[in-house]
Amino acid sequence: MSAAPAPAPAATGPAARSAAAAHAGMFLFGITMALLGAVLPALSERLRFSLAQVGTLFLAMNLCILATSLALGPLMDRYGTRPPLVLGPVLVGAALGMLGAAGAFTALVAAVAVLGVGGGMVNSAANTLVADLHDDPAAKTAALNLVGVFFGFGALLLPFSIGLLIEALGLAGILFAAAALCAAIAVHNAARAFPPPKHGGRVPLAEAGRFLRDPVVLLFAATLFFQSANEFVAGGYISILLNRDLGLGVRAVSWVVAAYWAALMLARVLLSRLALRIPGSRIVIGSALAAAAAVAALALARQPAAAVAATVAVAAAFAGIFPTVLGIVGARYAAYTGTVFGILFTAALTGGVTLPWVTGQVAAASGLRAALWLTVASFLVVAALQWIAARRLGRPA
């Protein structure tokens, strides 16, 4: 009988201190990703916007995350991850304050644009930093799933706070308090030690062009194109389905959204251990198939209890896809993590820009239940792309 794999080595010393900055950054990206799903029911009561306009909000935020991710990858290989992990929290905090003060739909668009720039910074930098701290491929994948737990804490914060405190503080008060927390994280990250840049003498733009022609990079980029779209659709539209189609109130929806992000967080804790024993490709394929089944169950649900159970299952099912893909790719291109991750995040946010907007248009024309079948199909595409990628890399699928 073979020995069980050793646990992923924990970062120590300066590495642990820089990992803490990455964890704080992913915490803020969790806030960014959960924000629209958490606040849209409450904001819609005050500002009255349509489902098509919800798609516009996703479009504005994701375009800004996309542009930030595209520019940031080579810059991090040249200048390191400290600058975006300090400036990003400042911008996320500013966006939260803008949302709290918004009195018109145009102000919401401006706020989510700033949120997108700040969120793009902390996401790219936190994942790149964690990938660079681990050399072993399995440990890298495990660490990236574990940093996703902090994403879950951030994603859980706002819906939980809204469900618990909205009657006492109001939505604006909750958002202003979260903005103050962002400022504290910026100060925390500024005081951390960071590893030196991998390419301190130049910005590796030529290599970026080479990776754009690499079939393996393109396969994984296509995988994250669909996966990111699925995460944005689930994080933003499910709360509206629960509120408008199934009649749950704003407070009840907030608790369901909190359960959604808690399920994602707990699944990533488990996957941070399983990734040491199970090939990454199998985690991605199994997760994508399970997520497709869960979204189909949600689209068919007619009772609130069934819809809530399906919502939680969706989050638990897809939790491991994004970080596991980053672990596989980060191990293959360890010398250019920032550049390659920049390409992957750009592809991911391209999906996040386009497909949630399409979902909004389909939902406006045919209803949210019909639109969710697009997400079922997207998860099946993720599974197929990962199967092709695993065969190309000669790994079990």
Side-chain angles (χ1 to χ4, degrees), residues 7-35 65 69 72 76 80-93 96 115 118-136 138-158 160-161 178-195 231 258 261-273 275-276 315 319-320 322-327 330 337-338 341 345:
T12 58
R17 290 191 289 274
S18 57
H23 296 160
M26 283 304 290
F27 174 84
L28 289 189
F29 191 60
I31 290 177
T32 300
M33 289 290 287
L35 183 65
I65 301 178
S69 301
L72 196 60
M76 285 190 296
T81 52
R82 177 193 294 274
L85 282 173
V86 174
L87 179 59
V90 173
L91 293 177
V92 172
L96 291 171
L115 183 71
M121 286 185 176
V122 294
N123 179 47
S124 295
N127 281 293
T128 299
L129 176 57
V130 169
D132 288 345
L133 291 176
H134 298 272
D135 296 325
D136 177 71
K140 194 184 298 285
T141 298
L144 285 163
N145 270 288
L146 189 58
V147 78
V149 175
F150 290 89
F151 173 95
F153 279 121
L156 187 60
L157 176 66
L158 278 182
F160 182 82
S161 298
L181 178 61
C182 292
I185 289 175
V187 173
H188 167 274
N189 287 356
R192 300 301 96 189
F194 286 80
E231 293 186 18
W261 291 110
L264 181 142
M265 180 176 63
L266 293 173
R268 285 181 173 168
V269 172
L270 176 62
L271 288 166
S272 71
R273 311 302 298 174
L276 299 171
F322 210 108
T324 302
V325 167
L326 294 182
T337 314
F341 277 16
F345 289 136

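- Pairing each heavy atom of Pro84 with each of Pro89, the nearest pair is O-CD, 3.9 Å.
- Checked options Val147, Asn127, Thr128; the residue passing with Leu326 is Asn127 (criterion: side chain to side chain contact (heavy atoms under 4.5 Å, CB included)).
- The side-chain heavy atoms of Asn145 and Arg273, taken from C-beta on, include no pair separated by under 4.5 Å.
- With contacts defined as side-chain heavy-atom distances shorter than 4.5 Å, the pair Leu96/Leu35 qualifies.
- Residue Met121 holds its CE atom at 5.5 Å from CG of Leu91, rounded to the nearest 0.5 Å.
- Arg268 and Ala319 make their closest contact through NE-O, 2.7 Å (heavy atoms, listed as atom of the first residue, atom of the second, distance).
- If you run side chain to side chain contact (heavy atoms under 4.5 Å, CB included) between Val130 and each of Leu146, Thr81, Leu144, only Leu144 comes through.
- Atom CZ of Phe151 sits about 6.5 Å away from atom CG of Leu264, to the nearest 0.5 Å.
- Between Phe341 and Met76, the closest side-chain pair of non-hydrogen atoms is not below 4.5 Å.
- Separation of the Trp261 and Phe153 ring centroids does not fall under the 6.0 Å cut-off.
- The aromatic rings of Phe345 and Phe322 sit parallel, their planes meeting at an angle under 30°, below the 60° perpendicular limit.
- Across every non-hydrogen atom of Ala21 and Leu85, the tightest pair is O-CD2, 4.1 Å.
- Between Ser272 and Ala142, the shortest heavy-atom contact is O-CB, 3.1 Å.
- Partners of Asn189 under the side chain to side chain donor-acceptor pair (under 3.5 Å) rule, at least two apart in sequence or in another chain, do not exist in this structure.
- Minimum interatomic distance between Gly119 and Thr32 (heavy atoms only, all atoms of both residues): CA-OG1, 3.9 Å.
- Counting heavy atoms from C-beta outward, Asn123 and Met26 have side chains that approach closer than 4.5 Å.
- Across all non-hydrogen atoms, the minimal contact from Arg82 to Arg192 is NH2-O, 2.9 Å.
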